[in-house]
Every structure is written in structure tokens, then in C-alpha cells.
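Written out below as C-alpha cells is the structure these notes cover.
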Amino acid sequence: MHGVRTRQLRLSTLFLMAPAIAQIQNQPDDGQWPMPAKNYASTRYSTLDQINTGNVKNLKLAWTFSTGMTRGHEAAPLVVNNTMYIVTPFPNVLYALDLTKPGAPVKWEYQPHPSPASQGVACCDVVNRGAAYYNGRVYYNTLDVHTVAVDANTGKEVWNTKLGDINLGESMTMAPLVVKGKVIVGNSGGEFGVRGWLAGLDADTGTIAWRAYATGPDKDVLIGPNFKPFYESERGKDLGVKSWQGDTWKIGGGPGWSWISYDPGLDLIYYGTGNPGPWNPDMRPGDNKWACTLFARRPETGEAIWAYQLNPHDVHDYDGINENILLDLNIKGQTRKVLAHPDRNGRMYIMDRTNGQVITAEPFAFLNTSEYVDLNTGRLKVNTAKVTGFKTVRDICPAAPGGKDWQPSSFSPKTNLIYIPHNNLCMEFQGVQANYIAGTPYVGANVRMYAGPGGNRGEVSAYDPVNAKTVWAVKEDFPAWSGTVVTAGDVLFYGTMDGWFKALDDRSGNLLWQFKAGSGIIGQPVTYKGPDGKQYVAVLSGVGGWAGAVVAGGINTQDGTAALGFANAMTDLGKHTTKGGTLYVFALP
Amino acid sequence: MRKLAAAGIAVLALISWTLTSCQREKRELRAAPVRRAIYGDAARQSELQPGGPQTEPQVTNPDHANAWSISEGQRLFEWYNCVGCHSHGGGGIGPPLIKKHWIYGGQPANLFDTIVKGRPNGMPAWGGRIPEYQVWQIVAYVRSLAGEQPFAATPVRTDELEQKPTTIHNKVQGETR
């Protein structure tokens with residue numbers, strides 16, 4: 001009797017606590033926004049609910065801030081201790097704005113003065129995806145491969161560490177994640193034949209504690225005795241060498257320009273590596289490990305725990321760098337610790353994050369390049385008709401920027417849906433000889449992109465990760481190249497490349513409110529509680545990035561192969577928006 | 001005798017026509033390794049010249065209007081990965097070349113300087129890597145992209161991916177900037 005009662009008590013306690021504490025997606029929220037993905041689980045969900053589906057139509061502009069720059073603004077503003085931090089595209093100025101004063105004047109600005117030559121090795125506009133706040137400092141990367149630590153109160157540089165070399169084609173655009181005193185960063189340069197890496201820097205001193213390469217022998221990849229991948233194909237010694245021909249792994253890409261998530265319970269960070277180089281796959285026979293691979297690593301040592309190659313021998317530039325949203329879900333009666341990864345290949349991978357097992361991998365975007373993921377072997381079944389090489393292949397969907405590129409999704413624990421901003425693009429691909437000359441592009445492909453079925457180039461959709469299906473989708477004329485953010489007020493925010501900042505009902509996808517910004521929006525919206533207790537929504541406008549290079553870079557679209565083929569799909573963007581970076585902040589009156 | 005003279009005149013005319021009109025086919029079989037690297041006042045970067053304009057020393061491209069050089073320039077443009085940044089003239093990482101507006105000047109001497117010395121915002125300095133005669137060939141090709149080569153010397157079509165009209169989302173072509 002006594003025992004039964006205890007069990008009942010335990011059960012009821014579990015039922016009460018399960019939604020509130022046990023699930024990783026229910027993160028504590030103090031109304032601030034300390035990292036681009038909001039929290040370690042990368043949900044981009046805010047518990048603020050002052051702005052809701054009923055009153056969002058009254059949303060008004062509160063104040064603005066001009067960055068004075070004309071390239072793509074992809075960063076998320078951070079809000080910590082009543083201060084907003086903004087990183088600009090090259091030359092990567094960091095602004096601190098004082099939210100306690102009317103109009104949020106500049107508290108300080110920090111100029112890292114990156115090398116102007118670094119602009120020549122930035123494949124897809126000179127963007128920066130933001131900073132991370134941690135223990136009184138702001139950490140971010142500069143285009144010329146430096147990581148800097150800046151005192152959050154004074155704007156003084158604390159340390160500045162050079163991590164790579166622009167003369168090897170390396171650059172940096174990603175936002176760091178700071179975990180257990182390690183600032184985790186990675187390089188860009190998959191179009192320059194770099195050797196990809198992710199590194200952990202000591203947050204206090206900036207010294208490099210570890211560096212995990214994406215190619216090469218196990219000791220360089222930080223694969224050791226604790227490496228236990230789920231699938232047979234990921235097991236074996238030095239696969240980062242053996243899955244390449246000769247020494248090509250040394251210039252094989254797999255850059256770490258990734259979103260990183262962290263599970264404190266399992267003590268694992270999750271991220272994916274970029275595409276192998278060059279794009280022309282006939283120049284790199286083999287599986288090309290560990291490009292296009294999801295890794296789970298220990299944050300303090302970088303040690304690999306498991307890996308899963310999403311696109312073995314990638315033939316379409318399907319980088320694996322997209323976000324990994326950490327969720328605890330009830331799937332088929334079992335609570336599974338999963339990560340949700342909407343990949344460039346157009347599939348939403350729901351994976352067991354404890355071991356790297358694929359649970360489902362269904363399409364979230366139109367695709368014809370693969371048929372399915374074999375759940376026994378983990379291997380993607382590729383459609384051989386769409387395999388590229390020294391030939392021209394047409395009607396490849398999704399195109400090189402993928403079903404979805406870097407633009408991050410959000411997840412609401414209220415609706416249990418993932419809100420994916422994505423593309424609807426197809427391409428033709430002609431593989432040609434690529435010459436490796438250090439510091440210059442190493443691509444070997446002429447590409448032309450165009451709108452996928454339906455003619456709309458973008459889409460925002462709500463995906464149910466438990467039942468592995470899309471619940472609703474809203475078409476966008478241009479690729480949906482901004483992040484999304486979702487709130488407890490059931491409002492979903494995102495921006496479009498033609499400059500509309502939109503609020504949708506997160507259950508139906510119905511448009512509730514929109515505002516036309518000065519330039520196209522490719523940034524990451526955030527929402528925070530101001531010092532006055534009000535909820536604010538902020539986003540950077542300023543078109544650019546790979547998709548917007550047509551406008552920001554003055555591309556001539558008579559050449560459809562311009563901007564790695566994106567120009568062909570974006571010939572009309574200049575009629576809809578002009579360049580220029582401005583921060584917009586909204587609130588209810 | 002008169003017939004002979006007429007034939008002689010015809011042959012002379014043919015020779016002179018060949019010499020003058022077939023400039024576009026001229027081909028230097030062994031290029032000099034070094035020509036002129038320093039141009040003094042040439043390739044000015046500013047129209048503003050204190051005290052009034054001075055005579056601009058003219059630097060001509062030895063490969064101007066030469067079809068073989070232009071096609072060699074096109075090949076080298078791909079081989080040295082210029083195409084990776086400038087695409088087939090439309091630009092990307094680097095600025096477009098299908099245009100009449102040049103950031104650092106569009107005269108052959110400016111383009112030669114741009115390639116050899118590099119430019120501060122990302123253009124690599126190729127001096128010491130690309131032989132000068134090849135630089136001139138690339139200059140000749142780049143100017144052909146902007147329509148600044150005689151039509152007779154410019155390749156009729158390029159080797160790049162052919163456009164498939166049905167797959168173009170928007171048939172409106174961008175304007176030449």
C-alpha cells in the first residue's frame with residue numbers, strides 16, 4: 001500500500017514536472033537574448049507573451065539604428081543587462097546600445113579593423129552571423145579569421161586571437177557558442193579548398209584549447225577511443241584520409257561555419273561541417289569524410305563522441321552547417337532525446353542525439369536529388385540521375401544553397417512545431433576542371449539557379465517533428481533568407497528579402513502584421529523585455545548574403561552564373577529593394 | 001606584260017591586306033618573359049590633377065584586337081580562377097566586368113595594374129605568379145567582356161553552360177551596370 005502510494009506520487013510528480021523541467025526545449029527565459037539562437041537548445045523561442053496574436057496588429061516602430069553599411073546584415077542583435085549588441089558585416093564593428101535611455105544611444109563601439117583583403121575570400125558576401133555574450137564579455141569572429149573578446153561594459157578588447165590565414169582561403173562568418181569556459185568557433189571557405197575545423201578557445205585568455213579538423217587522420221579530427229558512431233559506415237581508422245584520393249583531404253573543405261548547440265545533460269555540443277571541395281565531385285572520389293557531417297563532441301576537449309555523414313560524397317554543395325534544435329520528444333510512445341536538423345539536402349533529420357541514430361529524415365522542401373535515408377545503414381539513397389560531375393545536369397532540386405541554407409529555424413514548445421525559413425530553388429550544374437591555387441576559389445562548377453515548382457523562390461513552413469510532416473507552409477516570392485523567432489504569444493516573426501518584416505499566427509500561418517523595412521531582411525529577429533518591462537522585437541535589415549549579392553554586390557545578372565549561379569534566380573531583386581543596414585525595433589504603443 | 005603587272009599588283013595588294021587586316025590573327029610564338037612593369041605616370045587613379053591635366057602616357061596592350069590572345073585570355077581567366085570571383089563577367093565575390101564603369105580604371109594599363117598589384121578590397125596581387133604576356137592576354141579578354149574589343153576579334157560564344165530558356169524564372173535581363 002505504502003509502495004503504491006509512493007509510486008503514484010512519483011508518477012504525478014513526473015507528470016507535473018515533465019513539461020516544465022525534464023524537456024530540454026523548456027529553457028529558462030529571463031527576457032534577454034544572450035546568444036543568436038537564444039539558448040543552448042537553439043529553440044529561438046521566447047516566453048514573452050505581451051505581444052500576441054490578438055494585439056500584434058498594433059505593433060509600431062519604437063526606434064531605429066543605422067549601421068552605415070551596405071553589405072548583407074545576417075547577425076542577431078543580442079540583449080543583455082539592458083544593452084543591445086550588434087555586429088555589422090565587414091569591417092565587423094561591434095556596437096553597444098544603451099536601452100535604458102530614450103532612443104537607445106550608442107554606449108560604445110569597438111572596431112577590430114580586419115584586413116580588407118579578407119573580402120576577397122568571402123564566398124558569399126562579407127556577412128557576420130553575430131556574437132555571443134558570456135560572463136561579462138562579448139565574443140565574435142572577424143572576416144579575417146580572428147576571434148575577439150570585448151568587455152561588455154567598456155567596449156575594450158580583452159583578447160584577439162588569429163586562428164587561420166586568408167592566404168589559405170579561410171575566413172570567418174559564424175557566431176561562436178560559449179560553453180563551459182570555451183569559445184567554440186569554426187572557419188569558412190568551402191569554396192576555397194580550405195581544410196575545415198572547429199576550435200575551442202579559452203574564454204579567459206583566448207588561447208586555443210583544441211582544434212578538430214574535418215578531414216585528415218583521426219588524431220586531427222579528435223577521434224579517439226570514445227568515438228562511437230551509430231552506423232557501420234562511420235567506423236574505421238583514419239576515414240578522414242581513406243575516404244579521399246591521395247592528399248586531396250588537405251584541401252578538402254568541410255569548414256566549420258556552423259550553428260552549434262549544446263546539451264548540458266549529455267555534455268555534448270552538436271554541429272555540422274560544410275561541403276567538400278571542390279564542388280565538382282569527379283575531382284574528389286570517395287565519401288570525403290568528414291565533410292557534410294554532424295558531429296557530437298565534448299565542449300572542453302573537442303573529443304568526438306559520434307558522427308553521422310549526411311551527404312557522403314556530396315555532389316550538390318549540400319553543407320551540413322544548418323542549425324540543430326535540441327528537443328525531447330515523445331515518439332512512438334518513447335521519450336527520445338533528439339536533435340532536429342533541416343539539412344541543405346531538403347530533409348529534416350530527427351536524430352537520437354545520444355548516439356547519432358536517424359529516426360526520420362523526411363523532406364521539408366521540394367527535392368529530387370535523393371529518394372530516402374536507409375534507416376538500417378543510415379545512408380542517403382541518392383538519385384543517380386542528378387549526380388553531377390564532368391557533365392551538365394539539369395533540374396537539380398534543391399539547388400546549391402539547399403532546401404535551406406544557414407537561415408535558422410525556431411521551435412515552440414507550445415505548438416511543438418519547427419518553423420523553417422527556406423528556399424525553393426533548383427539548378428543546372430556543369431562540372432569543369434578546378435585548379436587549386438591557395439587563396440583563390442576552388443569550385444569547378446558553372447551553376448544557374450531558378451525557382452522550383454510553383455515559381456516561388458522561398459517558403460516558411462511549420463514542421464511537426466514527431467509525425468515528420470509539414471503542417472502548414474506559406475509561399476514567399478524570394479528565398480526566405482532570414483531566421484525565424486517564435487513566442488509564447490503564438491506569434492512567429494521573420495523578414496523577407498524584399499523588405500517585409502512579418503508576424504504570423506504560429507498555428508495557422510496566417511499573416512497578422514507586416515512592416516516594410518528600408519532594405520531586404522536576411523537577419524535574425526529577436527525579442528526581449530526592455531528596462532520598461534515592455535516586450536520589444538528587433539531585427540536588422542540590410543539585404544545581401546549569397547542570395548542578395550545581386551543587390552549588395554552590384555552583380556550583373558546578364559551572366560546567370562554570377563554569384564555561383566544565384567544571380568540567375570534573383571534578376572528582379574533590385575526592383576524590390578536597395579541595400580543599406582538598419583536596425584528596426586518594434587513595440588506595442 | 002600588262003597581265004604580269006596586274007598580277008603583281010594583285011599579289012602586293014593581297015600581301016598588304018594580309019599584313020594589315022589579319023592583325024587579329026597575329027601570334028607571338030615566344031613571348032618575351034618581361035616587358036615593362038613600371039608605367040610611371042600611366043594608369044592614374046584620379047581625374048583630378050593639380051595644376052591642370054597633363055598628357056597621359058599611352059600604354060597600349062600588345063594583345064589588343066588579337067583574337068588568339070583574347071581566347072588565350074579567356075582560358076587563363078578560368079585557369080587562374082578569376083572565374084571563381086568574377087564569374088563569366090557578372091561578378092560575385094569580385095565586381096562584375098561586363099560594364100563600362102570600372103572601380104580602378106578600365107584602360108589596359110589600369111587592368112594590368114589591377115591584376116599585377118592587386119587592389120585593397122580583395123583583389124589578389126598576381127605579380128610574380130602570372131607571366132606578363134599572360135596578364136596582357138587576360139586584360140585583352142576582360143576588355144572584351146565589356147565590349148571594348150573589336151567584334152571581329154571577340155569569340156562569338158563562350159564555353160560556359162548554355163542557358164535553358166524554360167528554366168529562367170524571370171526573363172527580364174539585368175541592365176548593364
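Below, read A as the first sequence line, B as the second, and so on, with proteins coming before strands; counting in each chain starts at 1.
Looking at A:Phe192, the atoms closer than 4.5 Å to chain B (heavy atoms on both sides) all sit in the side chain, from C-beta outward. Using a 4.5 Å cut-off between heavy atoms, A:Ala122 touches chain B through its backbone atoms (N, CA, C, O) alone.
Atom-to-atom distance recorded for A:Asn446:CG and B:His88:NE2 is 4.0 Å, nearest 0.5 angstrom. We find the CD1-CD distance between B:Ile93 and A:Gln119 to be 11.5 Å, quoted to the nearest 0.5 Å.
Other residues, nucleotides and ligands contribute more than 12 heavy atoms inside 6.0 Å of the CZ atom of B:Arg75. Surrounding CD of B:Gln45 are more than 12 heavy atoms belonging to other residues, nucleotides or ligands, all under 6.0 Å away.
Between the A:Asp559 side chain and the B:Gly91 main chain, no donor and acceptor come within less than 3.5 Å of each other. Panel note: side chain A:Asn556, backbone B:Pro96; no donor-acceptor pair is recorded below 3.5 Å. Distance alone, capped at 3.5 Å, places no donor-acceptor pair between the B:Asn121 side chain and the A:Pro116 backbone.
Contact check for B:Trp79 versus A:Ile437: no side-chain heavy atoms found under the 4.5 Å cut-off. Looking at A:Thr440 and B:Tyr80, their side chains never come closer than 4.5 Å, going by heavy atoms from C-beta outward.
Each of A:Val121, A:Asn435, A:Ile166, A:Asp125 has some count of heavy-atom pairs under 4.5 Å with chain B, and the biggest count is that of A:Asn435. The choice from A:Ser118, A:Gly120, A:Gly553 that makes the most heavy-atom pairs within less than 4.5 Å of chain B is A:Gly120. In terms of heavy-atom pairs under 4.5 angstrom with chain A, the leader among B:Ser87, B:Gly92, B:Gly89 is B:Ser87.
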